[in-house]
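Values in this document were obtained by computation on a predicted structure and should not be read as measured data. Whatever order the structure lists ligands and atoms in, that order sets their numbers, starting from 1. Residue numbers count from 1 along this sequence. All heavy atoms count here, side chains included; hydrogens, waters and symmetry mates do not.
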Amino acid sequence: MPAETDESKQRKNSLYGQVSKELAENMKQGWADTERHGLQPIALAAYTARRRAELSARFPGECLVIPAGNPKVRANDTTYPFRPSSDYVYLTGDQSQKAVLLLEPAQNGGHQAIAYMLPRSNRENGEFWLDYHGELWDGRRNSLPENEKLLGLPCADLRRLADRLGAATGPIRLLRGYDAGIDAALAGKVTAEHDGDFRVVLSEMRLVKDEFEIADLRFACEATALGFEDVVRSLGTSTPTSERLIEGTFWTRARIEGNDVGYASICAAGSHATTLHWVRNDGEARPGDLLLLDAGVETRNLYTADVTRTLPVGGHFTSIQRKVYEAVFAAQEAGIAAVKPGAAYRDFHEAAQRVLAEHLAAWGLFKNRSADEAYELGLQRRWTLAGTGHMLGLDVHDCAKARTEMYVDGTLEPGMVLTVEPGIYFQSDDLTVPEEYRGIGVRIEDDILVTQEGNENLSASLPRKAEEVEAWMARLRR
Ligand code: GLY
Ligand code: MN
Ligand code: MN
C-alpha cells in the first residue's frame, strides 16, 4: 500500500510515483538529533526588544499583527528569492518565510510578543521530504527553541496562529499587503483606517536610526564601495563592456558581502544614463561614454546602501562631460552642506536644485529667464527630473508611509540617514539643448548620516571630484 501523502504538496509529473510503505518507514528513522543548545541572543535582539516596547506603547490594548510575508510564486513551484517585510525584520531581527509577529495585549498593560513561524519539518508524517518545500529540499530551519534563544522572543508554531487570531476579542491592527491569507482571515476584524495608522507609526519609528542600524548602513556603504571598485576593474579601456557584466560584477560582490542588492542595479551607459530607472541593462559601456552606476549592497540584516557614481568608461571625462559633471558635483556639495540637525528636511533639496538652476541658466538653457525665475517656476526639472534624495534604511526608499509633516516637511535629527543625489539628464531627443549636451546623464549619490555636529558621508570612500574619480580609476586599473 502506498503511504498517504498530501496530493497538493506533490509535484505533478514527478518521475517518482507512489511511496512504498517500506520507504516511508525507512525515511522516518536513522536521523541524528541536531538541536543546537547553549545559543546566545543575536546582537540585534536588544534593539528589537526596544522597538517592540515603543510600538506597544503606541497601541495599548490592541492586538498587533505584523506578517513577514510569503514567497512570491515565479512559476508553478518556483518562487522569487524571499525577502521578509521590513517591518517584521525591524521588530524581530528574524528573516523566516511566512512568519508573523503578534503583539497581544497583556493583562497588566503592555503586550506579549510571540513570533509565529514554521517549526522544524515533521519526520513522522514525511513532511520533511515529501513536501517539496520541506527541510530536506529547502534546508534546515531553526527549531522554535533555537529561534527563541537567538531572537530573545517567544516563538510558536505558525499553524496555531489562525486559532489564536480567531480567539482575539479586542481590536486588531494588521499590517496588510504582505500575507494574503491573513488579510483575508482578518477582513471582518480590521478596518482600513486602523491599517493606515499602523503603517504610518511603523514608518515614523524608522526615521531615526539606532546605533545597530547606523553600523549596518556603514557596512552596506563599505561593501558597496568594494562593488564599485570591482566594476571599475571590469571596464574595458579599448573595448565595450556589457551593462549586464557590470550588473553581474556588482551583484557578485553584493552576494559575497551581504544578502543581495537592495534594489535593481542601474547600469546605465551612454544615453541610458538619462533614463532614471534604467534596469534593463542590455547595452554596452564604450570607452568615451559615461557609465552611471546606481547600486547598493543590502547587508545580511537587510539594510541597503544607495550610491551612484558617474564614471568615464575610458578613464577621462571629455570637456562637455566634465562640465555637466562639475555642475552636479557643485549641487551635491551644496546639498550635503545643508544636511544638519535642526535643518528643514527640504533644505538639501532646495540648495542642490538652486545650484543646478544656476548652472543651467549660465549655459543659456532658460533663454531669457534668470536662474531665480527658472527655479521659482521649477523649469530646471526638465533636466534634473527627480527629487534630490530620500530616507534610507531597511528600504531604499525608507519610511515611505511617514506623515508628510514628519518627513518632507519635517526637521532633520541626529541618526537620520538620507541620500543626496542631484543629477542632470539631457535626453537624446531634447531639441531645446545644444546637440553636444544630448544623451549625457550625470548623477552623484551619497548616503549621509545626520550627526550631532552636522553630517557624515557614509559613502565617502568612493571619490566624487572629477579628477579624483579619474585618479581612482587609473589606480584600480594599474
Ligand atoms: N536607486 C534608487 C534611488 O536612487 O532612489
Ligand atoms: Mn540610487
Ligand atoms: Mn536614491
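- Ring pair H397/H390 is perpendicular by interplanar angle, where above 60° counts as perpendicular and below 30° as parallel.
- At the shortest separation from atom 5 (O) of ligand 1 among protein heavy atoms lies H397 NE2, 2.7 Å.
- Protein heavy atom closest to atom 3 (C) of ligand 1, with residue, atom name and distance, is D306 OD2, 3.3 Å.
- Judged by the shortest distance from any of its heavy atoms, H390 lies inside the 4.0 Å radius around the atoms of ligand 1.
- When only interatomic distances are considered, the shortest N/O to N/O separation between R443 and ligand 1 does not fall below 3.5 Å.
- The nearest N/O/S atom of D306 to the Mn ion (ligand 2) is OD1.
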Problem set entry | Check against salt bridge (Lys or Arg N to Asp or Glu O under 4.0 Å), D372 and R354 | CA-CA 8 Å; D372 281 348; R354 273 195 184 279; 3.6 Å; yes

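- Against a heavy-atom cut-off of under 4.0 Å, Y263 is close to the following atoms of ligand 1: 1 (N).
- Salt bridge D398/K209: present, at least one basic N to carboxylate O contact under 4.0 Å.
- Checked against the 6.0 Å centroid threshold, W363 and Y437 count as a close aromatic pair.
- Here E421 meets the criterion, with an N, O or S atom under 2.8 Å of the Mn ion (ligand 3).
- Ring geometry for Y345 versus Y407: interplanar angle over 60°, hence perpendicular rather than tilted (30 to 60°).
- A centroid separation of less than 6.0 Å is found between the aromatic rings of F59 and F198.
- If you number the atoms of ligand 1 from 1 as listed, the ones under 4.0 Å from a heavy atom of E445 come out as 4 (O).
- Aromatic ring orientation, Y325 versus F329: parallel (interplanar angle below 30°, classes split at 30° and 60°).
- Restricting H390 to its N/O/S atoms, the shortest distance to the Mn ion (ligand 3) is reached by NE2.
- With hydrogens left out, the protein atom closest to atom 1 (N) of ligand 1 is D294 OD2, 3.0 Å, a heavy atom.
- Minimum-distance N/O/S atom of E445 relative to the Mn ion (ligand 2): OE1.
- S459 and D446 share a side-chain donor-acceptor pair at under 3.5 Å.
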